[in-house]
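Here is the structure we will look at, set down as structure tokens.
Since we're looking at a predicted model, the values are computed, not measured. Letters A, B, ... mirror the listed sequences (proteins, then strands); counts begin at 1.
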Number of protein chains: 2
Amino acid sequence: MITVINMAKRKPGSPKICDCQGARKSRRREAVVEVLSSGPGHLNAEQIHKAAQKRLPGIGIATVYRALKCLCGCGKVSEFIPADGVARYEPAGSRAHHDHLICTACGCFTEAVDPEIERLQERLAAKHGYKISSHRLEIYGLCPCCSKKV
Amino acid sequence: MITVINMAKRKPGSPKICDCQGARKSRRREAVVEVLSSGPGHLNAEQIHKAAQKRLPGIGIATVYRALKCLCGCGKVSEFIPADGVARYEPAGSRAHHDHLICTACGCFTEAVDPEIERLQERLAAKHGYKISSHRLEIYGLCPCCSKKV
DNA sequence: TGGAATAATGATAACCGTTATCAATATGGC
DNA sequence: GCCATATTGATAACGGTTATCATTATTCCA
């Protein structure tokens, strides 16, 4: 089954919350955007749903998933899936690419980038004849706070 | 609910296929080990199940999952979960750590290591006060074969 | 060489995050 | 306001994985 998100029949110039062709503006989708842009980042769908319900009681989980998919599709939000298999979302756009340090004790996320690592990844991929489209680096361990407690 | 895999009451010296305390030897678990050590690597549970059924018709998927969990627990097998959320398994032990290049077109996996990247990861983690326990680097893109076809 | 204790197994229900379905509702262009 | 259609909420379905439970296999010990 092929899923197409509102790609057809949209007349140009109509309002849109994301750049998907044919998307209409809606308060639920706006609420999801607000949650993401005001929240701490790295939220999963359930957490986004709960936060969105405070703004719009009654908003359904399916709507949240649909909004996230739409927003990811047009690049406003980026999704990443850590080792627990549960997708996390963060506002993209103005935010640069980064990797994640993930605490195995408290589950917190820290963003980090090392330009040298980025460059070496390109080199590694080229060495194996790969054309990179994306990459994912996650470092698991104890965050400063949790390593003190041990 | 706490899950304990045969941790209690085992008398020392009994045969074991893995180093889990209390584990008995069984043909199913051996079959899973054989599949993993003879196969191409990066197999998911379903693929391992199919391969194991050729050796032991009737072996159930639950047994495969249980064997994999046991073998992962004692370090004989390593599990990793790429962006599709489906766990892949490969024999550990003699095999060194490596990262993965994953083709977004054909889905094939290539193993790769760059010692410099490994070192820089340590540095990045230290910079943020993290004590690394593990890490995961996946590079997505087109493999040499698929990038020719485009 | 049994037999008791208990670990392993297969079938299958349950689980959980996510997606599809569908009727009802909201939106935007006119 | 009306029409076409995009969006929504409730919920069923889905796919990978885990738990349950009665049955079978393994190990230890007499």
Side-chain angles (χ1 to χ4, degrees), chain A residues 1-18 20-32 43-50 52-53 56-73 79-89, chain B residues 1-18 20-33 43-50 52-53 56-73 79 81-89:
Chain A
M1 183 142 329
I2 299 171
T3 303
V4 178
I5 307 174
N6 312 333
M7 294 300 279
K9 298 177 188 168
R10 179 183 170 270
K11 291 162 194 115
S14 55
K16 47 185 173 177
I17 192 173
C18 68
C20 306
Q21 286 284 103
R24 287 178 179 169
K25 190 161 74 173
S26 86
R27 286 194 300 156
R28 340 278 159 133
R29 214 127 64 188
E30 285 173 328
V32 170
L43 296 171
N44 62 37
E46 187 195 344
Q47 294 169 321
I48 294 166
H49 182 215
K50 278 186 184 167
Q53 280 186 318
L56 282 177
I59 185 172
I61 185 73
T63 299
V64 171
Y65 275 107
R66 277 184 294 237
L68 289 170
K69 180 182 275 191
C70 174
L71 294 164
C72 284
E79 174 194 74
F80 86 104
I81 303 174
D84 64 6
V86 180
R88 315 294 161 109
Y89 300 89
Chain B
M1 184 144 326
I2 300 171
T3 302
V4 179
I5 306 173
N6 313 334
M7 294 299 279
K9 298 178 188 168
R10 178 182 169 270
K11 291 162 196 117
S14 55
K16 46 187 173 178
I17 194 174
C18 68
C20 307
Q21 287 283 102
R24 289 177 178 170
K25 190 161 76 175
S26 84
R27 286 194 300 157
R28 339 279 160 130
R29 214 128 63 188
E30 285 174 328
V32 170
V33 172
L43 297 171
N44 62 35
E46 188 194 344
Q47 294 169 320
I48 294 167
H49 182 214
K50 277 187 184 166
Q53 280 187 319
L56 282 177
I59 185 173
I61 186 72
T63 298
V64 170
Y65 275 107
R66 277 185 293 238
L68 289 170
K69 179 181 277 193
C70 173
L71 294 163
C72 285
E79 174 194 75
I81 302 174
D84 64 7
V86 180
R88 314 295 161 109
Y89 300 89

For [X] and [N], what is the distance between atoms [atom1] and [atom2] respectively, to the nearest whole Å?
| X | N | atom1 | atom2 | result |
| --- | --- | --- | --- | --- |
| Q47(A) | dG17(C) | CD | P | 11 Å |
| N44(A) | dT19(C) | CG | C1' | 17 Å |
| E46(A) | dC16(C) | CD | P | 10 Å |
| K25(A) | dG29(C) | NZ | C1' | 15 Å |
| H49(A) | dT18(C) | NE2 | C1' | 14 Å |
| R24(B) | dA7(C) | CZ | C1' | 4 Å |
| L68(A) | dT7(D) | CG | P | 14 Å |
| R88(A) | dT18(C) | CZ | C1' | 14 Å |

Atom [atom1] of [X] and atom [atom2] of [Y]: how far apart are they, to the nearest 0.5 Å?
| X | Y | atom1 | atom2 | result |
| --- | --- | --- | --- | --- |
| R66(B) | I61(B) | CZ | CD1 | 10.5 Å |
| T63(A) | R29(A) | OG1 | CZ | 9.5 Å |
| N44(B) | I81(B) | CG | CD1 | 12.0 Å |
| Y89(B) | K69(B) | OH | NZ | 9.0 Å |
| R88(B) | I48(B) | CZ | CD1 | 10.0 Å |

**Report entry** Student check: side-chain heavy atoms of L56(A) and R28(A) closer than 4.5 Å
**Finding:** yes
Report task. For H49(B) and A62(B), indicate whether the former's side chain and the latter's backbone hold a donor-acceptor pair under 3.5 Å. Result -> no
**Report entry** Closest listed nucleotide, where the reference is the side chain of V86(A) and the choices are dG16(D), dT7(D), dT18(C)
**Finding:** dT18(C)
Query raised in the report: With nearest nucleotides of DNA chain D determined for Y89(B) and R27(B) from heavy-atom distances, which residue corresponds to the more 5′ nucleotide?
Result: Y89(B)
Please produce a list of atom pairs where a protein N or O lies less than 3.5 Å from an N or O of nucleotides 10-12 of chain C.
unit_1: dG10(C); atom_1: OP1; unit_2: R28(B); atom_2: NH1; d: 2.7
unit_1: dG10(C); atom_1: OP1; unit_2: G58(B); atom_2: O; d: 3.2
unit_1: dG10(C); atom_1: OP2; unit_2: G60(B); atom_2: N; d: 3.0
unit_1: dG10(C); atom_1: OP2; unit_2: T63(B); atom_2: OG1; d: 2.3
unit_1: dG10(C); atom_1: N7; unit_2: R66(B); atom_2: NH2; d: 2.7
unit_1: dG10(C); atom_1: O6; unit_2: R66(B); atom_2: NH1; d: 3.2

Query raised in the report: Within the structure, does a side-chain N or O atom of S26(A) lie under 4.0 Å from either OP1 or OP2 of dA6(D)?
Result: no
Query raised in the report: Taking only side-chain nitrogens and oxygens of Y65(B), does any of them come within less than 4.0 Å of OP1 or OP2 of dT18(D)?
Result: no
